[in-house]
Amino acid sequence: MINPVDNENEDIQGFVLAGGASSRMGQDKAHLRVGGKQFFERAVTALSPICHGPVSVVGGNHPDMASKTYLDIEFIPDFREICQLPQAPIVGLYTALTYAKTPWVAILACDLPFVTGDLMIRLAGYRSNDIDVIVPLQSDGNSQPLCAIYHRDRCLQVVKEMVENGELKMRTVVSILHSRFVSFDKLADLSGSASFFFNVNNPEDHKSAVKIAGD
């Protein structure tokens, strides 16, 4: 039996993960553009409808981002930058869970530029008192833990121990936690669903993303 929680936004804080090495891209992916916006801006826009307070950007080299005063953004350092932790998305998740002040934490990697607010609203609707994390499944059946909603208190210790033990795979995180996997057929009716989980890792991916956006 699922015990739903209040679907208001006061209990969710949003974090964009922008601290990747971008070695395959050759430049900071957070600053790439598609559809007239930088990737980090698109991620902030996608998270904003479900979040209480400013959306935070975790990690990355973003000295010019703070000048974008039209966006309500908080910039925080990735723990890997201050604790000499390894380069891995789980460290960004660990950072977000530690900084969060709300019961739920929405995570979105900046290199998933076609995630929308509608998708995040749909995922947020699956929050319940007996679930640790809400994770969408892609059309290929794989989970996407970098576009997910985590319960801060029930996830933080597990993630902390994994980082400390060098267990860095995000899909291991959601396999250990009590996860609600949302099948793609429950998301496919949303506008733009075919591209929700298009991941931009290299210049060719970026060219494809530009074409998808119709730039």
Spacing of [atom1] belonging to [X] relative to [atom2] belonging to [Y], to within rounding of 0.5 Å:
X	Y	atom1	atom2	answer
Y150	D153	OH	CG	16.0 Å
Q144	I107	CD	CD1	12.0 Å
L93	F15	CG	CZ	10.0 Å
L146	D111	CG	CG	7.5 Å
F196	F114	CZ	CZ	11.5 Å
I149	R127	CD1	CZ	6.5 Å

Of all the heavy-atom pairs spanning [X] and [Y], show the shortest one and how long it is.
X	Y	value
I50	A106	CD1-CB, 3.9 Å
A43	C110	CB-CA, 4.4 Å
Y126	K186	OH-CD, 3.3 Å
G35	A213	N-CB, 3.9 Å
C147	L123	O-CD1, 3.8 Å

side-chain contact (heavy atoms from CB on, under 4.5 Å) evaluation trace for V105 with Y99: CA-CA 10 Å; V105 177; Y99 270 91; over 6 Å; no

So does [Y] get a backbone contact from the side chain of [X], meaning a donor-acceptor N/O pair under 3.5 Å?
X	Y	answer
E41	Q38	yes
S56	F75	no
R33	F39	no
N202	E204	yes
S195	F198	no
R171	S143	yes
R42	K37	no

From CA spacing to verdict: side-chain contact (heavy atoms from CB on, under 4.5 Å), Y94, T98: CA-CA 6 Å; Y94 176 34; T98 302; 3.5 Å; yes

Could you go step by step and tell me if L190 and R122 meet the side-chain contact (heavy atoms from CB on, under 4.5 Å) rule? CA-CA 9 Å; L190 298 174; R122 180 70 57 85; 3.1 Å; yes

Using distance alone, with no hydrogens and no angle criterion, decide if D140 and Q138 have a side-chain donor and acceptor under 3.5 Å apart. yes

Does the side chain of [X] reach to within under 4.5 Å of the side chain of [Y], using non-hydrogen atoms?
X	Y	value
I12	H52	no
F184	S193	yes
I90	V173	yes
V55	E74	no
I131	S179	no
L17	L108	no
V58	V16	no
V182	V135	no

Pair D130 + R154, salt bridge at N-O below 4.0 Å: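 No, no charged N to carboxylate O under 4.0 Å.
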
R180 vs D132, test: salt bridge (charged side-chain N to carboxylate O under 4.0 Å, His left out). Steps then yes/no. CA-CA 8 Å; R180 171 62 163 96; D132 299 337; over 6 Å; no

Non-neighbouring partners of D185 that pass side chain to side chain donor-acceptor pair (under 3.5 Å), sequence neighbours left out: S183

